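Quick caveat, the model's predicted, so the values are computed rather than measured.
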Amino acid sequence: MYDVNAIRADFPILSRTVNDKPLVYLDNGASAQKPQVVIDAITTAYSHEYANVHRGLHTLSNIATEKYEGVRAIIARFLGVANEDQIILNSGTTEGINMVAYSWAMPRMQAGDEIVLSVMEHHANIVPWHFLRERQGVALKWVDVDATGALETQKVIDAITPKTKLIAITQVSNVLGTKVDIKAICDAARAQGVPVLVDGSQGAVHMPVNVDELGCDFYAITGHKLYGPSGSGAIYVHKDRLAEMRPFMGGGDMIREVSKEEVTYNDPPMKFEAGTPGIVQTIGFGVALEYMMGIGMQAIAAHEDDLCAYARSRLSGLNWLNVQGSTANKAAIFSFTMEGAAHAHDISTILDKKGVAVRAGHHCAGPLMDHLGVRATCRASFGMYNTRDEVDVLIDALELAHDLFA
Ligand code: PLP
């Protein structure tokens, strides 16, 4: 455990007020706030060290290139990956998963092939696979969560058939917080020769990740949920899959030579990084990951587990609140609706009056909303800087909303 107040002091935005109340920021699942070191790194990069990367031979370009390229090694360390050339830098999870769909899956899947997905995937890990269904006749096989919101590992394994070409699955649900046993799924999938793509957008935020130990083939992360800038991210790719991938986007940087007649490609990872990247965003992302590792992922997980248990016990005391998913194996993400009340948007508006920021809507998880039989929920998602006191403020604000709507 750590001194949460010392951590809070690193995030300037946390000391502001909203509607004359201290900000209680519980929308971390959508995007996390940024520590001063990240903000400073962005300012320094633009104020003193900015130029385009890779192609320049002048001092500023060399500095920018060195800083930008240095982030690959930081991400590799963060994910427990030995070879940084297996880290492809991008703008976030959405780009990472689309790259896998276009570069790896499309050329090798045909009508009748199957992709296994859980029902609690984010649209970023659904829509690219619908492209394959629409365009190539690939079948999507959905694995439901149980009544507690847990995903039974065996059900995922049972969904594998000789036609399964990929399992695409989240490590943590952005709606329920449910944790998935990725290692067990990867072990079973590997035994049957089925690659596994892990959406680590939420997972990597809340727990230590070691991709080599998990044994997955793709692991996607997104910078803005990891306390870094938006427009930054990365995907780890297993070396065998990397060798199988054709480039998705064409342009500068990803080529070796281009003539009127032909093109030859750069080696991975550059082969998959066409065009001018998010230079400063990526530099900021590296600083954010260093910041998280400096605190320690175990310490962050322990703090959030404590918050999760506290929030769970306080929320369960509100018998007019329907909290979705009761599984104990979850990260500190809570989705709920209010009996007899108000649309989730109305609840979130009342909470905002009390300075409490939560998200309301379908959370880009249409199949899960259908499964739960709700159109929208409110979601309170916690980060490394949240406190038990903030849980109490949330509860008071919910009671106010209930009084208004009941
Ligand atoms: N996957 C999950 C589980 C998410 O929660 C999100 C963002 O909410 C995404 C994917 C998409 O991330 P991005 O929009 O940063 O690409």
Side-chain angles (χ1 to χ4, degrees), residues 29-30 93-94 96-98 100-101 105 109 113-134 138-161 163-186 188-189 194-203 206 214 216 218-220 222 225 322-337 344 359-379 381:
T93 295
T94 301
I97 297 177
N98 274 276
V100 176
M109 291 197 199
D113 286 343
E114 296 172 355
I115 299 175
V116 173
L117 304 161
S118 90
V119 76
M120 60 184 176
E121 298 311 312
H122 184 281
H123 293 168
N125 196 24
I126 296 176
V127 181
W129 312 122
H130 268 309
F131 290 167
L132 273 92
R133 180 192 58 73
E134 282 178 347
V138 169
L140 306 187
K141 288 189 72 176
W142 297 92
V143 182
D144 275 343
V145 290
D146 68 17
T148 70
L151 187 78
E152 247 180 74
T153 308
Q154 193 54 45
K155 276 196 178 174
V156 179
I157 296 168
D158 290 346
I160 300 174
T161 74
K163 294 191 159 182
T164 306
K165 289 287 186 302
L166 178 70
I167 298 172
I169 200 149
T170 192
Q171 191 173 26
V172 168
S173 160
N174 66 312
V175 177
L176 303 172
T178 303
K179 291 180 183 170
V180 175
D181 188 346
I182 296 295
K183 183 166 168 38
I185 291 171
C186 289
V194 177
V196 179
L197 175 145
V198 179
D199 178 348
S201 303
Q202 301 288 341
H206 302 291
L214 289 177
C216 57
F218 306 97
Y219 189 97
T222 201
K225 295 185 205 288
N322 302 317
V323 180
Q324 301 288 347
S326 56
T327 176
N329 188 22
K330 65 177 270 167
I333 300 173
F334 295 87
S335 283
F336 46 81
T337 53
R359 189 141 294 248
H362 56 55
H363 313 296
C364 296
L368 181 62
M369 293 288 123
D370 290 345
H371 176 84
L372 298 172
V374 293
R375 288 175 65 79
T377 69
C378 268
R379 179 186 69 185
S381 51

**OP:** Compare every heavy atom of Thr178 with every heavy atom of Gly149, then report the nearest pair and how far apart it is.
**Re:** O-OG1, 2.6 Å
Original post:
Closest approach of Val145 and Val119, non-hydrogen atoms and distance?
Top reply: N-CG1, 3.6 Å
Original post:
Do you know which two heavy atoms are closest between Ile157 and Ala184, and how far apart they sit?
Top reply: CD1-O, 4.3 Å
Original post:
Taking all atoms of both residues into account, what is the closest heavy-atom pair of Val180 and Thr170, and its distance?
Top reply: CG2-O, 3.3 Å
Original post:
Just by distance, do the side chain of Asp113 and the backbone of Met109 share a donor-acceptor pair under 3.5 Å?
Top reply: no
Original post:
Mind checking whether Gln324 and Leu368 have side chains closer than 4.5 Å, heavy atoms only?
Top reply: no
**OP:** Please confirm whether the backbone N or O of Arg379 pairs with a side-chain atom of Thr377, one donor and one acceptor, at under 3.5 Å?
**Re:** no
Subject >> Gap between atom CZ of Phe218 and atom CD1 of Ile167 - 0.5 Å precision >> reply: 12.5 Å
Original post:
Can any side-chain N or O of Lys165 pair as donor or acceptor with the backbone N or O of Val194 at less than 3.5 Å?
Top reply: no
**OP:** Decide yes or no on salt bridge (Lys or Arg N to Asp or Glu O under 4.0 Å) for Lys163 and Glu114, but give the supporting numbers first.
**Re:** CA-CA 6 Å; Lys163 294 191 159 182; Glu114 296 172 355; 5.9 Å; no
Original post:
When rounded to the nearest 0.5 angstrom, what is the spacing between CG in Leu151 and OG1 in Thr153?
Top reply: 6.5 Å
Subject >> Expected output: side-chain Thr327 to main-chain Asn329 donor-acceptor under 3.5 Å >> reply: yes
Subject >> Asn174 side chain to His363 backbone, donor-acceptor under 3.5 Å >> reply: yes
